[in-house]
Each structure stands twice: as C-alpha cells, then as structure tokens.
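What follows is a short report on a single structure.
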Amino acid sequence: MATRPRPTGVVLFLLCLMYGITYIDRVNVSTAATVFGKELELSNTQVGFVFSAFAYPYLFFQIIGGWVGDRFGARIALTVAGVIWSVGTLMTGLAGGLASLIVARLVLGFGEGATFPVATRAMSDWTTPERRGFAQGITHSAARLGNAMTPPMVAALIVLVGWRGSFFVLGALSLLWTLVWALYFRDSPAEHPSISRQELERLPAFRSRAERRRDAVPWRALTRRMWPVTVVYFCYGWTLWLYLSWIPQYFAKSYQLNLRDSSLFAAGVFFGGVVGDTLGGVVTDRVYERTRSRDKARRNLVVFGFLCSLASMLPILFVHDVTIAAICLSAAFFFAEFTIGPMWAIPMDIAPKFAGTASGLMNTGSAFAAIVSPVIAGYVIDKTGIWELPFIGSIALLLLGSMLAFRMKPDEELVVPSQRRGIGEATA
C-alpha cells in the first residue's frame with residue numbers, strides 16, 4: 001500500500017508550484033518581447049518599461065501583503081492574490097499596445113506583490129525552525145526552475161498558439177493552482193484533516209488569528225532592524241531583474257541567435273539558479289546545525305555568494321564569446337541564488353512572530369530593483385548598443401551588498417518588551 005504524502009510536504013510542494021508559476025508569469029514577457037516588440041513597434045526602452053511596470057504595485061504590496069498574511073492568514077491572502085495575478089496574465093494576451101501592456105503588468109504586480117511574504121507566513125507555521133533555510137531554498141529553486149523553463153516553453157507556445165495564446169495558457173494554469181490551494185491549505189496545521197500528531201509536535205506553536213490581532217506590529221523597531229537586510233536584498237535584486245528581463249534578448253541581440261537558440265542559452269543560465277537556490281538552502285541549515293550561529297549560517301554565506309557572483313561576471317566584459325558568456329553568467333547566477341535560502345531565513349530569524357511583515361520589508365529591496373534595473377539597462381543598451389555594460393552595475397552593487405551584509409545581524413532576534421492592541425507602534 002502506498003504511503004500518503006504528509007501534509008507538511010504537500011504544502012511545501014504547493015508553495016514550490018506557486019513560486020514556479022509566479023515567476024513564469026512575471027518573466028514570460030522577456031521571451032515574448034522578441035515577438036510582440038516588433039509587432040507593436042516598441043523600442044528597448046519601452047520594452048524595459050513593460051518589464052518594470054510589474055514592479056510598481058509589486059513594491060507597494062510587499063509590506064501590506066506581509067501584514068495581511070500575518071493578520072488574516074495565508075489561505076485567504078494567497079487565494080485572492082492568485083485570482084488577481086491570473087487575470088493580469090490573461091490581460092497581457094489581450095494587449096494591443098504599450099499602454100495596455102503596462103496596465104496588464106500592473107495588475108500582475110498587484111496580484112503577485114503579496115505572494116512571497118504571505119508564503120513566508122505559511123512556511124513559519126508549517127516548517128520547523130531547523131528547516132527554514134531548506135524551505136526557502138527549495139521554493140526559490142522552484143522559482144528559478146520556472147525561469148529556466150520559461151524561455152523554451154514560451155517559445156514553443158508562441159509557435160503553437162502565438163504570443164497572445166501563450167499568456168492565455170499560462171493564465172489558466174495560475175487559476176488552477178489557486179483553486180487547489182484554496183481547497184487544500186489550512187492556516188493552522190492542526191485544522192488539516194490529514195496531519196498527524198507527530199508532525200504537529202515538531203511544528204512551532206500556532207498563533208491564532210485573534211492572537212495575531214492582539215499583537216501590534218512594532219513598525220519602528222522592525223523597520224530599524226530590517227533596513228540593512230532590505231538594502232542588501234536590493235543589491236541582489238538588481239542582478240536578478242537584469243537577468244530575468246534581458247538575458248533572453250542578450251543572447252539574441254549580442255550574439256545574433258534565433259529565438260530557439262537564445263531561449264535555450266537563457267534556460268541554461270537560469271538552471272544555474274535552480275541548483276544555487278537548492279544548495280544554498282541546504283548549506284545554511286547545515287551550517288546552523290553545526291555552529292548554532294545564524295551570523296555564520298546566513299550572513300557569511302551571503303557575503304561568499306555575492307563575491308563569487310561578481311567575480312564570475314567579470315570575464316564577459318573582456319571576452320565576446322557565446323560559450324564563455326553562457327558559462328560565466330550561469331556561474332554568476334548560481335552564486336547569486338546561493339544566497340536566497342540564507343536571505344529569506346533572516347526575516348524568520350529576526351522576527352518570527354511577524355515573519356510575513358518582515359519578509360515584506362526585505363523584499364521591497366528586490367521590488368524596487370525590479371523598477372529601476374530593467375529600465376536603466378534598456379536605456380544603456382539603446383544609447384550604446386553594448387549589451388554587456390549593464391552587468392557593470394551588478395558587479396558594483398554585489399560588492400556593496402557584501403560589505404553591508406555585516407549590518408544584518410541575524411543572530412539578534414527582535415525583542416519587543418510591550419505590545420498594545422491594534423496595528424500601531426509598540427515600544428521597542
């Protein structure tokens with residue numbers, strides 16, 4: 001008789017699916033842009049604005065979404081978010097020009113803005129503290145697997161159903177995930193009909209919705225603790241969004257490759273991130289298990305990943321060879337993504353009671369990078385015609401992030417001596 005999967009494993013699997021699907025929906029335009037950019041007569045700068053339009057509401061709803069997840073639970077929050085981002089994906093397929101493309105991307109960003117902070121809320125309740133790094137690493141690995149799958153998958157869909165049809169197919173997939181999540185997930189693990197007593201005993205004590213409402217978010221103290229983490233995550237996010245937005249076109253335009261070949265090279269680069277996310281999550285938990293030091297398990301691994309990533313990018317500034325570029329960019333993305341498990345464990349380490357809000361604060365760094373990185377890169381490419389120049393910004397910011405990482409202090413958990421009812425300020 002086959003053993004039924006444990007609910008904790010199924011929830012983690014559903015979150016992995018969500019991370020993968022959301023990234024497919026946010027980066028599918030990078031591959032489709034090679035087709036709709038010509039059809040709609042858009043410049044690289046205009047295409048950059050299409051890429052970055054997603055990030056404005058995405059930035060705005062990071063903190064709000066995290067707070068909603070902490071306050072009302074991940075079941076309702078992710079169900080509503082799923083419906084919205086699915087609609088945004090479907091709308092992209094209906095776009096007739098620059099304005100409608102931007103509106104569709106704004107809707108997508110509104111829906112996806114809350115997803116990762118709310119998912120962190122769910123992980124805090126459904127994951128043991130010893131597996132936080134692994135949970136964050138494997139879910140973000142699924143996101144990078146979505147990145148890797150997107151170029152060849154969207155290219156194939158474009159051939160089969162056109163660039164508009166590709167967005168309709170992906171929007172329907174998002175709606176299907178949303179339905180499964182709403183039916184299966186429960187905010188409290190104890191309320192799930194299939195969970196065992198053994199699983200419950202290993203999980204953190206669940207705080208009910210009423211208890212969370214009584215605990216005011218200590219905004220001032222939490223923001224003060226999280227700002228270095230946010231800035232470091234911005235430094236990472238600059239490179240992430242440069243890759244997500246421009247890597248397919250980088251291979252197509254800088255090396256004059258066709259859609260199929262450029263999408264395969266881009267998929268290879270993104271696959272490096274799949275391995276990096278998974279390995280980083282495993283390593284950070286192992287280091288913490290052996291040292292019981294979150295500074296060593298989180299901060300030191302972030303510094304290591306940043307420095308190795310920037311070093312891997314340097315050769316493409318001096319050698320114009322597609323094979324060397326693919327290898328170097330894959331290695332750089334591997335090391336950048338190696339930091340994700342440690343980084344996303346930090347909000348749960350610093351503020352476990354407010355993990356959704358804390359991770360929302362952190363992810364505003366990447367969300368802001370998503371606004372500026374694609375547009376600046378597109379502008380630089382339009383002005384110079386040199387596709388390698390935007391990587392200089394990544395190298396500089398990764399160096400800055402490796403220095404600022406020493407301000408994060410994940411070993412020091414946020415202590416709030418007194419709380420008062422409501423959302424307002426608590427004494428820190």
Side-chain angles (χ1 to χ4, degrees), residues 55 58-71 113-114 116-121 123-124 129 132-133 136 204 207 211-238 284 288 292-303 306 339-372 397-428:
Y58 184 75
L59 169 64
F60 182 74
F61 285 101
Q62 287 300 306
I63 300 173
I64 295 175
W67 176 81
V68 168
D70 284 337
R71 185 78 176 243
F116 287 12
V118 175
T120 300
R121 172 71 272 156
M123 278 184 251
S124 293
R132 287 172 178 170
Q136 291 288 3
R207 296 168 62 247
E211 290 174 316
R212 291 174 185 172
R213 287 178 177 176
R214 285 196 297 268
D215 287 343
V217 176
W219 290 104
R220 183 178 301 167
L222 187 60
T223 302
R224 187 165 56 245
R225 283 301 313 278
M226 290 302 300
W227 79 259
V229 186
T230 302
V231 176
V232 171
Y233 206 57
F234 169 83
C235 295
Y236 154 81
W238 182 280
T284 187
Y288 178 64
R292 310 311 293 181
S293 169
R294 292 189 174 97
D295 283 344
K296 294 178 180 178
R298 317 301 193 209
R299 179 201 65 200
N300 290 3
L301 292 186
V302 170
V303 173
F306 277 18
T339 67
I340 287 300
M343 284 298 302
W344 277 86
I346 289 174
M348 293 189 281
D349 295 334
I350 290 177
K353 285 186 177 181
F354 311 104
T357 306
S359 60
L361 285 166
M362 181 187 80
N363 207 28
T364 56
S366 177
F368 182 63
I371 293 174
V372 295
L397 285 170
L398 288 171
L399 180 60
L400 175 63
S402 66
M403 294 185 289
L404 291 176
F406 291 92
R407 301 289 299 273
M408 296 191 297
K409 301 179 182 178
D411 257 335
E412 300 177 12
E413 184 175 326
L414 177 69
V415 177
V416 182
S418 62
Q419 297 276 359
R420 72 168 187 250
R421 190 179 183 85
I423 309 175
E425 202 75 42
T427 303

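Note: hydrogens, waters and symmetry copies are ignored here, and every other heavy atom, side chains too, is used.
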CG on D295 to CD1 on I346, rounded to 0.5 Å: 9.0 Å
Which atom of D349 lies closest to which atom of P410, heavy atoms considered: CB-O, 3.9 Å
D70 side, atom CG; T357 side, atom OG1 - distance, nearest 0.5 Å: 4.0 Å
Minimum heavy-atom distance V232-G401, with the two atoms named: CG2-O, 3.9 Å
Value rounded to 0.5 Å, distance of CG in L361 from CZ in R224: 13.0 Å
Set of residues satisfying side chain to side chain donor-acceptor pair (under 3.5 Å) with respect to S293, sequence neighbours excluded: D411
Check: F234 and V372 side chains under 4.5 Å, non-hydrogen atoms: yes
Nearest-0.5 Å distance that lies between atom CE in M348 and atom CE in M123: 6.5 Å
N363 versus Y233, closest heavy-atom pair with distance: OD1-CE2, 3.1 Å
Interatomic distance, L400 atom CG to M403 atom CE [nearest 0.5 angstrom]: 5.0 Å
Nearest atoms (heavy-atom pairs only) where M226 meets A358: CE-O, 3.3 Å
Close side-chain approach of Y236 to V302, heavy-atom, < 4.5 Å: no
cation_pi(R298, Y288) dist<6.0 Å, angle<=45: yes
Side-chain touch I63/W219, heavy atoms, less than 4.5 angstrom: yes
Sequence-distant partners of S124, side chain to side chain donor-acceptor pair (under 3.5 Å), two or more places apart: none
Flag, side chain of E412 to backbone of I350, donor-acceptor distance under 3.5 Å: no
Sub-4.5 Å side-chain heavy-atom contact between T230 and F368: no
Non-neighbouring partners of I64 that pass side chain to side chain contact (heavy atoms under 4.5 Å, CB included), sequence neighbours left out: F60, F61, V68
T284 side chain to A297 backbone, donor-acceptor under 3.5 Å: yes
CA sep, side-chain torsions, deciding dist, call: V229, M343, side chain to side chain contact (heavy atoms under 4.5 Å, CB included): CA-CA 8 Å; V229 186; M343 284 298 302; 3.7 Å; yes
Where R121 and G69 come nearest, the two heavy atoms and their spacing: CG-O, 3.4 Å
Close side-chain approach of Q62 to M362, heavy-atom, < 4.5 Å: no
N/O donor-acceptor pair under 3.5 Å between R294 side chain and A345 backbone: no
Minimum-distance pair of heavy atoms, taken over all atoms of F306 and C235: CE2-CB, 4.4 Å
